[in-house]
Amino acid sequence: MSARFSVAILTGSKGRGSNLTSLIHHAQRGEIPADVNLVISPKNGTQAVETARSLNVPVVILPYKSETYAEDLMETLVEHKITLICLAGYMTLLPTLVLDAFPNRVLNIHPALLPKFGGKGMYGSHVHEAVIAAGETESGCTVHFVTEHYDEGAPVLQYPCPVWPDDTPASLAQRVIELEMKAYPAAIKKLHEDRAP
Ligand code: GAR
C-alpha cells in the first residue's frame, strides 16, 4: 500500500472554495488516500481561505504578481512536504519551476468536458455561457494533469451531465459544481491506485 498523498490546494483570488471544502472533508473523513496539508491563495479573506482556516488547514498567502512568486511557491511546497498539487479555481499558469519538480503530480479541475470549452479565458461562467451558446446537450467536468498550457494535459477522469433546453449559465454551473465535488476526490483515488507501488 503506497503512502497517502500530501496535498496542497492552490486557489484563486475569487476563491469560493467548493472543491477545496469537498477535498478537505473527504481527506479528513479518510475517504481519499490523501491529507490536505496546505492551502495557498493569492489573496487573504476569500471564502476558500476562511474555510481552510476553519477546518484547521494551514494557509499561505502568495500573490501571483510577486517577483519571487515561483521561488516562494516552490519553497513553501517543499517546506510542507507536499507530494500532490491540486488546483481549484487557480487562474494563472503554474511556474515551470514547480511543474518540473512535480511531474504528473499537479491536477486541475475544469468545468467542462475538455478538450471542448478549454483554453485561456475559459473559466467560471464563461465556460457555461459558451456551452449553452453552442447548443450542447451534454457538459460536465474534467480532472486533468497540468502542463505549461491552459487546460491541455491528459485527463485523469471526466464526469458528464446533461444540459437541459431551459438551462441558464447559473443552473448549469450549479449542476457542474456538484459533479466537481465528487470528481476531484475520485480522481485522487484513481491517481493513487494507478501509481507504481
Ligand atoms: C470550479 O468550477 C473550477 O472548475 C473552475 O473554477 C471553479 C472554482 O470554484 N476552474 C476553471 O474554470 C479553470 N479553468 P471553487 O473555488 O468553488 O472550487
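Remember, it's 1-based here, ligands and their atoms both numbered in the order they're listed.
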**Q** Considering only protein heavy atoms, which is closest to atom 10 (N) of ligand 1, and at what distance to one decimal place?
**A** I109 O, 3.5 Å
**Q** What protein heavy atom sits nearest atom 14 (N) of ligand 1, and how far away is it?
**A** H110 ND1, 3.1 Å
**Q** Short list, please: which atoms of ligand 1 are under 4.0 Å from a heavy atom of N19?
**A** 1 (C), 18 (O)
**Q** Flag yes if L97 and Y64 sit in one hydrophobic cluster, no otherwise; membership is Ile, Leu, Val, Met, Phe, Trp, Tyr, and two members link when side-chain heavy atoms are under 4.5 Å apart.
**A** yes
**Q** With D167, which residues qualify under salt bridge (charged side-chain N to carboxylate O under 4.0 Å, His left out), at least two apart?
**A** R175
**Q** How close does the nearest protein non-hydrogen atom get to atom 11 (C) of ligand 1, and which residue and atom is it?
**A** P111 CD, 3.7 Å
**Q** If you count the atoms of ligand 1 from 1 in the order shown, which ones are under 4.0 Å from a heavy atom of I177?
**A** 2 (O)
**Q** For ligand 1, is A48 a contact, meaning one of its heavy atoms is under 4.0 Å away?
**A** no
**Q** A side-chain contact here means heavy atoms from C-beta on lying under 4.5 Å apart; do L107 and Y184 qualify?
**A** yes
**Q** Would N108 count as a polar contact of ligand 1, with the cut-off being nitrogen or oxygen pairs under 3.5 Å?
**A** no
**Q** Taking only heavy atoms of M122, which atoms of ligand 1 are found under 4.0 Å from at least one of them?
**A** 14 (N)
**Q** Can you check whether L191 reaches R105 side chain to side chain, under 4.5 Å on heavy atoms?
**A** yes
**Q** With nothing but distance in play, are any N or O atoms of Y123 less than 3.5 Å from an N or O of ligand 1?
**A** no
**Q** Is the shortest heavy-atom distance from the side chain of L73 to the side chain of L94 under 4.5 Å?
**A** yes
**Q** Under 4.0 Å from a heavy atom of G89: give me the atoms of ligand 1 that qualify, with their elements.
**A** 6 (O), 8 (C)
**Q** Among all protein heavy atoms, pick the one closest to atom 3 (C) of ligand 1 and tell me residue, atom and distance.
**A** E180 OE1, 3.3 Å
**Q** Would a 4.5 Å heavy-atom cut-off, applied to side chains only, mark D35 and F5 as touching?
**A** no
**Q** Within the distance-only criterion (no hydrogens, no angle test), does the side chain of H128 pair as donor or acceptor with the backbone N or O of A112 below 3.5 angstrom?
**A** no
**Q** Please name all residues satisfying side-chain contact (heavy atoms from CB on, under 4.5 Å) with P185, sequence neighbours left out, ordered by chain then number.
**A** S22, L23, H26, I32
**Q** With heavy atoms of G124 as the reference, note each atom of ligand 1 found under 4.0 Å away.
**A** 12 (O)
**Q** Among G17, C141, S125, which one has a heavy atom closest to atom 16 (O) of ligand 1?
**A** G17
**Q** Please check whether R16 reaches ligand 1 - meaning an N/O of the residue sits under 3.5 Å from an N/O of the ligand, judged on distance alone.
**A** yes
**Q** With a sphere of 6.0 Å drawn around CD of E67, does it hold more than 12 non-hydrogen atoms of other residues, nucleotides or ligands?
**A** no
